[in-house]
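The model shown is predicted, which means the values in this text are computed figures rather than measured ones. Reminder, nothing fancy here: chain letters follow the sequence lines and each chain counts from 1.
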Amino acid sequence: MPLKPDFEPVLFKNRRGDRPATFDEYRQGGGYEALLATVGKKSPEEVVRMVTAAGLTGRGGAGFPTGRKWAGVPASAPYPRYVQPNTDEMEPGTFKDRILVNADPHLVIEGIILCAYAVKAQRGIFFIRPSYESDAQLIERELAVARAAGFLGSGILGSDFSFELSVHRSAGRYICGEATAQVNAIQGLRPNPVKAPGAHLTEAGLWGRPTVVNNVETLASVPHILTRGPEWYKSLAATPTGDGTKLYCVSGKVARPGCYELPMGTRLSDIIYEHAGGMLPGGTFKACLPGGASTAFMPETLFDIPMDFPSLKAVGHHLGTASMIVFDKNTCLLAATINIIRFFVRESCGWCTPCREGLPVILDILERIEAGEAGEADVAWLETMTRQLHHAYCAFAPGAAAPIEGLLRHFRDEVMDHLDGRGCPFGAPELADKPGAWHLPKGGRP
Amino acid sequence: MLPEMVKLRRKGEELLEDGLGLLRPFATTLGMLFTRPITVQYPEEKRVLPARSRGRIILTRSPDGDERCVACFLCSAACPVSCISMEAATREDGRRYASWFRINFGRCIFCGLCEEACPTLAIQLTPDYEFSKATIMELVYEKPALLVDHGGKDPDYDFYRHAGVTEKGEKGSHVNEQEPVDVKRLLP
Amino acid sequence: MSRKPEEASCRLTIDGREIVVAADTPVIDAAERLGIMIPRFCYHPALGAVGACRMCAVKFLDGPVKGLQMSCMVGARDGMVVSTTNPEAVDFRRQVVEWLMANHPHDCPVCDEGGHCLLQDETISGGHALRRYRGPKRTYRDQDLGPFVAHEMNRCIHCYRCARFYQEVAGGRDYGVLSIARRTYFGRYEGGRLESPFAGNIIDLCPTGTLTDKPSRYRARRWDLERGPSVCLHCSLGCGLTVGARYREVMKLEARLNPEVNGHFICDRGRYGFGYESRPDRPRQPRVDGRETIAGAALAALAEGLKPFEAGKVAMVGGTRSNLETLAALLGLCRDQGWRPPVFFRDARLAGAAESAAAALSGDLVASLADVGRADVILVVCADPLAEAPMLALSLRRAARRGAAVLVLDHRPCDLPCEAERLTFAPQELAGCLSRLAHAALRGRKEAAAYLSSLPLPPDLLPETALALDTWGKRLAEARFPLVVCGTDQAEPTLPALAGGLARLLAGSHDQDRRAGFLPLLPGPNGLAAALAGGGDLEALLADIEDGRATALLVVESDLLSRTPEPERWLAALRKLKLLAVCDHLPSPLLEAAHVVLPSRTVFEAGGHFVNQEGRLQRAMPVFSPGLPMGRTLREGHPPRLFMSCAPGSEPRPAADWLKDLAGLLGAGGRAGDWADLAAAFPGLPGLAAGPAPENGRRCLPETAPGADAPSVAKTGSPDVPPDHLQVLLVERTFGTEELSCRAPLLAASAPEPWVDLAAADAGKAGLAHGAWLLVPLPGGPLRARLRVHQDMAPGLLLLPRDPRLLWQRLAGTGVLVELLRLHAITAEEEPAGEDTTLEAEP
Amino acid sequence: MPDDDLRRTILNMLQGVEHPREKAVDVMYLLQRQYGYLCDEALVVGAELLGMTPLELEELATFYDFIYRRPVGKYVIHVCDGVVCWMHHEDDIFRHLCARLGVRPGETTADGLFTVLPTVCIGDCDKAPAMLVNGRFYGPLTPGRVDEILETLRSGDEERVLCP
Amino acid sequence: MSLWLAGLALLLVKIGLVLFVVLTGAAYLVLAERKLLARFQLRLGPNRAGPLGIWQPLADALKLLMKEDTVPAGADRPLFLAAPAMSAATAMLIFAVVPFGDSLTIAGRPVPLVVADVSVGLLFVLALSSIGVYGVVLGGWASNSSFSLLGAIRGGAQMISYELPLALSLAPVVMLAGSFSLVDIVSAQAGCPFIVKQPAAFLIFCVSALAESKRLPFDLPEAENELMAGYHTEYSGMRFGLYFVGEYVNMIALGCLVAVFFLGGWRGPLLPPFVWLMLKAALVPLVLIWVRATLPRLRFDQLMHSSWKVLTPLALANILVTGGLMAALG
């Protein structure tokens, strides 16, 4: 299904490919108009209402309605309040935030300011991963420009709304992407997720004050919603269940991997064949991870599914960050799963037992299956353990469970082909390295 | 037949059966009287007892000659007659051992529970049963008397090779162990 | 998001049984109340829920929460139906154990936790016996965490209890969580002694053998220990202890839960302050004129020896570390024989302060340690909690973490494990400052007029300090639950009464549900009882002995010579005595001088009752029968082969028994029952008449203190301190100064080196630097010690710890002044060598 | 000891910050830049400046991936081993790199120039396989391209990564 | 006078002879039992003292004599010391009335081969067996031990219960013989032993006598796996030996009584009467040993049941039938 003829990119409006859009370019394209039209003119409650009406869902992976999150800051909550734009983006296969920030930094900045206005925040902390050092510098540079233009600082646009935005560089751990862990990280504590019964970050986050944590892609949509209205934004989607546009990252065995802004709900087949140039020569589509490493493998049978949160949920999958990692028929999905679980083993924060102790045990079993050292009882045990991962402390371990579940649900035969001394049918039947030592995945490569 | 008769007859049969049941054993025992006795004439003839028979208790050594006993108190806890007592201590190299170890064979019932409880295979029962003494105090055995210079029934086992504590070799050098964790390491 | 208004209580069903609990009680606690022990590793009632171990999973069948959840993380709500035995939950818990065991080493036999290990229990009760994980086990290198805590990181199951306690509860900053993922490591930045004086609690908390008790390492299994409840004697707080002894030797002490006193924890002074009971030099044999004899003969000799003296010439000295029975017997003996009133405190000032504190206490005002955690503004006057009663510091931290303000008014550099506001004044100015504060707090209160008029005049204050005092006063007046803590160790005699009066008036302000508390720190575990009993003055007694007005002296469990700054004078005086009898279990030079020595039992062997500073009567059980430790009776490397009905060295008897038998020999009248005895001996503790105390003790104070509203305050003049002179004060330290624990080999061996304190201003004047070795010219000779310079300390003072390793007895009396400029640093070459070193050869 | 400039920079950075701990990672980065890696001395200095104990800072330092608590080379080569790069023969690149430099993963070359570290997905999946050298992305990689990059790095001075 | 003296001498000789034979018999009966039991259990039995262990009884006796004679603390000393003797003496006294043969004529005088031909010999025997209970009950009671007391009570109850069928079973014998004298009873069997005429009485007598002897399966008073050794738990040395002697003498006595009452006493062809008696008497202990090797111990309720509900009614019925038949047959 081709794009609607009148579709034009929203978030990537100013994308140039070779360099970021400058402040002036952004202004020329109607940038900061939303801010000008909002600060002092619309009430914060109205902004929240519009965002709610637009049905904007969080783009960080969970798909939580942004309007509801903002409304979660109690009117009586103490000050200062914080906005925490999340650019930690360490989900394997995901790079949309980097592309977005690199394409149009001011769009992101404007979105953050509008969010701060809506929740009456005084300070924003732009949390960014260490690999994106250049983007951190870019943001810092553009922040100075925005500040000079009076869009940041005290008394923005002559109103009594003051907002400071600064960059917080992380030192790199996947778990820092989790909102509560990120709050800890910014405070200079160990970035463990925190789950106190009944407590929300919007009530008590950074230093016990209300804090709104949003993905930058989510925030970047806000200026557009405010300028062109919620209805327009909602109509951008390709499906009635979607909202606006989405940055889809496509990587893996496709001809043109990259980040594409498409209407929310574009079909998977369209994304791969229309936009990402189809499979690499010689490869046939086998499966894809629809939203980064912490989602389940989607088999060929779901090739035509509209890619939005509710549609995927309906078939037991998860859109996540909408970062499609595409595998072809020459790849051993078990070996791929081992790679993914190795990532999760390494990045676990070490807080709860299923994640810290369970994942290495699961990895050990997977490696033994890959090496042909396992039997059916091990697969059964693996299945049990994977199910138990859902009772872990935060969403990290369930995320790790997803690819294994997808593997066992859709590619069970492939797993069974490894058992009882047979080893990997795709690659070298070498013995998998023992866990614990540093090792590289072997076998199963295309 | 009348029901009473049936009952009576059944009763009679039961009685007969009971009576036979009473008598049959007599035949059995009588038969025994004419069977060859199995007695072994002990001091002159001696049976070779199986290795697992439960006689005198010993403390064995690991393959490298160290005392296996780590004074974990499990044998004394398992002993139903409380005939084992000891005191644990730390050797200079950090190894746990029994500074003294006493078995009162006057009390011992040779049940073998201590051997079952022993996690290091240190305490073992031997087939030796000929150690009666004229004075009861001589039945109180101290460690030097209990300690032997071999590994007993499982000579190859060395608890410390599996335990993971630093008595034998550094951390990570035991059976099926990873390198010790280095909290400062660069690899993720 | 608004939350539902919470009901006060809710009804839920756990395993088919209903229970009503307060809403938001963790389900795991609700189940425990039903007697259902849900397995747990990370959850601990004192640390709260963090949901890290995932062991307490239960299935919520119905109600507001559904599915498999951690019972520690879910607060109880109406209508919950919980199953702890649901197969899904059981399977998950079993899987958690399997995961934890995947890397757990195979070293239970050499692990001291074996036998009382939570992981062992859960593994065995969960039926995990076969290992399915075939991979290699993770290992860690261990750290040396000092003399008390052994570290065996391989055994760690990462429940985070230790780090949470250490950092959050105890405020320690040198032990925590390192690294990430499966490499997560619990330890210090680098090996070394754990700095927090509460570090020992992580041993109790650790559910496996990762952190174990080092002194008792490899010495006994839990099942072999003779264990019994006891009370800590190392300060007046009376924390609960569980004693574990084996082979006639205390192996280890553990914290005993007493919710109103110490909660789950104790300080390291309490935990490691044992060992004096098995010192080789402990007196174990009765002696008459230096010859060992049997009990009956020694008593007879003493009774005979006492007969010639007229009653007025016989004196008794008691100690506050004795149990209530001993004190009662001692008081009874003095009363019945008409002897001089017994002396309990080391000097008149301390006796005065303790008595004024005791007089200010009453049931409606006194605060327990748990109350400290509930208070919102806490004024600490003339007390150094960490040094005098460490667990008070922990309670202050608990209060501070809940948002309470801690205000400290003291002359010492009090180190607290929590945020506190501090003002420092010379000790003699404290009463005046308190007066200023009280005026601000009680301004416009008619009923306070009498009290306010009795207060001393405030000293001349800097405007900002005056303002700070006024603010403090206002905050106390506005507080919901103000609490006043007052020390007695350093206080002027009237100060505790003033502080108590302030607390009483704070309680009586505005509204009904407001309360206030008063918590004095008293000298010794039975300081309150001794203070209530009154008694004589030790200095007067000394003078009387010197003048021959007292010719016979009985000293019961009090170490005169090493507690007084004038040992020489005392020794000379003792030589003039015609009869000196000593009943004690501690070795002291006094025993050498005594004509009759009656060895007494320690609290571990005799037990007894103790009344802590809040009037709480608590019982220590005798845990083992006295005798030489088995380790000291070995022959040829093993215990002797002997059959005896009693152990060698089992002659010591409870001091109370010695005294009662002595009374019998001296022809005392018939004796009533024990409880009647005690009640009669301490009319100030009416609760004693009710008989034995329950497990967690019972308050015995009168409900109201008559006439405590308007304390009669004798105005005290401040001593004249000439300019450029320092007042030498003897102070307590957390470790190494308290009477019993300084004789505990463990603490003696590991206590930090004794140092003297000087305010930065004074140090600057004298040109002395932090850390320098200092030669202090004391009247009795020079004293050498290392100097610490403090910013937050009142000037004009030189603080000297009562550390036996320091020859502070050269002070020769109290109220000593030294000239500031005569202090001088000594060079490195002079340092520890030389005959005059500070360190006494105390084992 | 850190030079006075660095000390001043850090103190400036902490000036007026309500919660100095917030800057812990930034301080560690600064110290790491000066010392080459976060050595014990640097950690102790950093902790002191931040008003933390060494343990408290170590809790953070050992948590993070990009804080090096062991000596590293001038160029720290983070090779992505995410699933996308793995699919594109990342392990060949990695082996090639290790073989070319003669080191094992996590080790530094004898000349102190290069340290090879595997790292999680670096967000350069559209150019897989990719690697990150001192903040700069390189991808898609082939063994030949790796050699070129090494050559360039060897010859040139380290240039700081700059924003586009 | 000389006649009287000669009579006395004769009496002493007879007593001496009887005691010698009985005690030696008892000792060797112990050996026989041990040997036989061993063989029943595929063992050898005592074989160390002398060839085939023939000196074992001597060794045992010697050992028992040399062992310390202990009296437990709190025991009733006189009773404790006396009780074993009572047990042994009553057993031996039975032999006073057992005829060993027809009268001999020595020096023209008829010498009855019985120590005392008492006209109420049978009653004497019953009386002695009743007195024998005292040895058990007093010994157990005097020991001041729970085990002993329990054993004694059991023993008392058991003896009383079986006394009745024992006595009743002998009534037909007396009826047939027309005399209580054992000599007359033997004489009455000149034609046909009473076992033929009174098989039921024979069985009842045997079972009851077995119970009286407290041997398996009726050894409840000493049931060692419940009561250590029952009434003689606290005894040691020769006092313990006396109980032992009592038991084995009793066995021989039983043998003699069975022979006298039912097997025709000393009567028999060819062999001398004494030998006949010995043979008949030996038969009973051997059967008892066999029974011991075969049957397990009864439960106490079974014990009581068999006495009161089986043996006693049976014995009464036997009397009636015997009486009826005698009346009918004249």
Could you look at [X] and say if it's the side chain, the backbone, both or neither that has a heavy atom under 4.5 Å from chain A?
X	answer
C:Q69	neither
C:M55	neither
C:A102	side chain

Distance-only, no hydrogens or angles: does the [X] side chain make a donor-acceptor pair with backbone N or O of [Y] under 3.5 Å?
X	Y	answer
C:R183	A:G350	no
C:R182	A:V345	no
A:T353	C:R54	no

Which atom names give the shortest non-hydrogen contact between [X] and [Y], and what distance separates them?
X	Y	value
A:E347	C:I180	O-CD1, 4.2 Å
C:I157	A:R356	O-NH2, 3.1 Å
A:C352	C:G51	CB-O, 4.3 Å
A:Q388	C:D91	NE2-O, 3.6 Å

Salt-bridge contact C:R134-A:D378 (side-chain N to carboxylate O under 4.0 Å): yes

Determine, for C:R138 against A:E357, whether the closest basic-nitrogen to carboxylate-oxygen distance falls under 4.0 angstrom. yes

Let me know if A:A377 has heavy atoms under 4.5 Å from chain C in its side chain, its backbone, both or neither. neither

Looking at side-chain heavy atoms only, is the closest gap between C:M73 and A:Y393 below 4.5 Å? yes

Go through the steps for A:M385 and C:W99 under the test side chain to side chain contact (heavy atoms under 4.5 Å, CB included), then give the verdict. CA-CA 10 Å; A:M385 283 196 287; C:W99 281 331; 3.1 Å; yes

Let's go through A:R387 and C:F92 carefully: what are the C-alpha distance in whole Å and the side-chain angles of both, what is the deciding distance for side chain to side chain contact (heavy atoms under 4.5 Å, CB included) to 0.1 Å, and is it a yes or a no? CA-CA 9 Å; A:R387 198 169 58 243; C:F92 178 67; over 6 Å; no

Counting only heavy atoms not in C:E419 (residues, nucleotides, ligands), do more than 12 fall under 6.0 Å from its CD? no

From CA spacing to verdict: side chain to side chain contact (heavy atoms under 4.5 Å, CB included), C:Q95, A:H391: CA-CA 11 Å; C:Q95 186 62 66; A:H391 306 304; over 6 Å; no

Approximate separation, where rounding is to 0.5 Å, of A:W351 CH2 and C:H158 NE2: 12.0 Å

